[in-house]
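Just so we're clear, the structure is a prediction, and the values are computed from it rather than from any experiment. What's counted below: heavy atoms across the whole structure, side chains too, no hydrogens, waters or symmetry copies.
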Amino acid sequence: MVMEQRQALIRNEDIAPDKRNSNYASLGYALLASLSSVMTGYCCGVMSGAVLFIEEELRINATQVEVLVGSLVIVSVVGGLISGFLADAIGRRKTMLVAAAIVLFGCGIMGLSYSYPLLLLGRILTGLSVTINWRLMLGLGGLLALFLAGGVLTIPESPRWLVLQRRTEEALSVLMMICSNDEEAELRLAEIILSAEPKKSQQQNSSSVLSVETCLTCATDQLESAKLNDNEGAGVWMELLCPSPKIRKILFAALGLQFFQQTSGIAVLLYYAPSIFSKAGFNSKSGDLGATMTIGLAKTVFVLIATCYLDKSGRRPLLLISSFGMTASMLVLASSFLLLNFGTTATGFAAPFAVLGSISFVSFFSMGFGPMSGLLASEIFPLRLRAQGVSLSMALNRLLSGIISLTFLSIMHALSPAGTFFLFAGVSTIATVFVYLVIPETKGRSLEELS
């Protein structure tokens with residue numbers, strides 16, 4: 001049976017490590033792959049500061065600002081849905097190269113644009129993946145795309161994707177590059193193959209502890225005998241759209257995390273921070289930009305903190321701390337706007353409290369909901385559904401982010417700034433309950449075990 005086979009593989013703990021620098025190779029590949037997230041974050045966040053100067057130079061109104069800010073995120077929904085298909089069709093590595101090429105082209109258009117329609121076109125293309133000169137700010141995203149493309153050329157293809165393509169020898173070669181020794185590489189390959197074909201694995205009746213060689217032979221035989229036809233992709237989508245009870249629970253957890261990540265209000269702080277601070281009492285662009293840059297610095301620092309502790313403390317504790325802190329921070333931000341109604345003395349505290357609440361919110365978000373939502377989605381889906389499942393969850397993420405970005409200024413006008421941020425605080429409160437009741441702990445378990 002598949003679980004017994006997997007346990008047999010996991011029990012093989014006496015594999016002697018050799019002198020291969022596997023950890024350094026894995027770290028290097030992971031850092032290069034993570035540049036895609038850096039590139040996405042830059043292209044999304046840079047508009048927050050650039051829009052102050054774009055409004056002045058191109059004379060655009062609030063509705064045009066909403067469209068400009070939100071267009072990238074809305075179009076990225078299409079990119080998110082396509083990415084799952086591309087990842088399975090041409091591989092993870094080539095998909096990243098395609099994304100980098102599109103971003104390079106889009107950033108080039110934005111950097112050279114002298115009209116709103118051309119600027120919007122570049123912004124939309126970028127989604128498919130100032131005495132400070134705003135054109136330079138937007139065009140610099142192209143350099144990140146070039147660096148990413150060059151780095152991706154040095155990264156090997158995902159061994160899991162190679163297994164799904166029946167290229168097991170290539171998958172083994174990649175695993176030999178990143179594992180401690182050849183025996184561990186064979187063990188990991190067997191785990192991946194067993195995970196790729198769970199139904200065939202369940203037909204095995206042996207309950208004995210198998211050797212690595214036996215498991216690898218058994219798993220390879222299963223993989224070679226499996227029937228892959230042209231309808232496999234459609235079958236995966238059918239399994240996601242008409243899910244079994246087990247897959248339904250996975251979808252509820254993955255999509256729920258994406259829902260609460262975006263409806264908590266993170267997009268408005270990343271895209272509209274200067275506008276928010278201006279309404280709270282900042283009277284200079286340099287002050288707005290300085291506060292916005294502080295938010296970016298806090299985001300970076302607390303993502304690094306989360307990286308250090310997510311495998312020590314686990315995913316659930318960090319998510320619970322994150323959502324609780326986000327709620328408290330959003331209450332501070334909402335209250336800062338109430339101070340504007342209590343005379344000159346209280347008004348003087350509004351801007352500092354707005355900045356404090358914003359920085360605190362982004363910090364708590366970045367140590368939990370920021371990195372964990374995507375990480376858990378990639379961990380809890382079975383291998384055969386992983387590309388499409390992650391694609392679906394990221395499409396929902398981008399759709400919600402786009403809707404909020406496109407409507408925030410209008411909502412704030414209708415509800416008032418304080419009312420809008422109290423609404424986001426309520427969403428974060430519900431997110432805390434959701435994490436406590438629904439989200440599983442995945443610390444210390446391999447992708448194959450979780451499958």
Side-chain angles (χ1 to χ4, degrees), residues 5-6 8-39 83 86-100 146-197 210-224 307 310-311 374-375 378-379 381-384 386-387 390 442 444-451:
Q5 289 174 319
R6 222 172 256 136
L9 293 169
I10 296 167
R11 286 193 194 105
N12 199 323
E13 298 174 344
D14 55 351
I15 299 175
D18 60 17
K19 296 181 180 180
R20 188 177 301 162
N21 293 322
S22 57
N23 289 337
Y24 295 108
S26 300
L27 178 61
Y29 296 146
L31 288 175
L32 284 171
S34 68
L35 281 177
S36 60
S37 296
V38 175
M39 180 178 67
S83 65
L86 283 178
D88 276 350
I90 65 175
R92 279 58 168 166
R93 183 169 172 265
K94 291 180 181 177
T95 300
M96 292 174 67
L97 285 173
V98 171
L146 275 176
F147 192 70
L148 173 64
V152 167
L153 293 175
T154 69
I155 300 176
E157 186 52 81
S158 162
R160 294 175 176 85
W161 181 79
L162 291 171
V163 165
L164 291 174
Q165 301 302 311
R166 301 301 185 266
R167 292 157 61 179
T168 53
E169 291 185 3
E170 294 176 57
L172 182 58
S173 297
V174 174
L175 288 168
M176 286 180 174
M177 295 169 58
I178 61 176
C179 291
S180 298
N181 53 47
D182 294 349
E183 188 177 8
E184 183 186 350
E186 292 177 353
L187 184 151
R188 300 306 170 205
L189 178 62
E191 286 183 314
I192 293 170
I193 296 174
L194 288 172
S195 177
E197 297 294 341
L210 305 175
S211 66
V212 173
E213 293 78 6
T214 303
C215 285
L216 183 58
T217 301
C218 171
T220 305
D221 289 343
Q222 291 170 193
L223 190 61
E224 293 300 330
T307 302
L310 66 89
D311 276 334
L375 174 64
S378 66
E379 289 180 331
F381 280 106
L383 178 57
R384 68 187 185 283
R386 190 165 295 146
V390 172
T442 61
R445 302 173 67 186
S446 71
L447 295 179
E448 284 63 52
E449 288 180 82
L450 291 168
S451 295

Taking every non-hydrogen atom, the tightest pair across Ile193 and Thr168 | CD1-CG2, 4.2 Å

Residues Ala171 and Leu189: closest non-hydrogen pair is CB-CD1, 4.0 Å

How far does [atom1] of [X] sit from [atom2] of [Y], to the nearest 0.5 angstrom?
| X | Y | atom1 | atom2 | result |
| --- | --- | --- | --- | --- |
| Met96 | Ile90 | CE | CD1 | 12.0 Å |
| Lys94 | Leu86 | NZ | CG | 11.5 Å |
| Leu172 | Asp182 | CG | CG | 7.5 Å |
| Leu375 | Leu310 | CG | CG | 6.5 Å |
| Glu379 | Arg386 | CD | CZ | 9.0 Å |
| Ile192 | Ser158 | CD1 | OG | 7.5 Å |

In sequence, state the C-alpha distance, the side-chain angles, and the governing distance for Leu153 and Leu97, and then conclude on side-chain contact (heavy atoms from CB on, under 4.5 Å).
-> CA-CA 8 Å; Leu153 293 175; Leu97 285 173; 3.9 Å; yes

Short question: side chain of Arg93, backbone of Glu157 - any donor-acceptor pair under 3.5 Å?
-> no

Please walk me through it: do Val174 and Glu170 pass side-chain contact (heavy atoms from CB on, under 4.5 Å)?
-> CA-CA 6 Å; Val174 174; Glu170 294 176 57; 5.7 Å; no

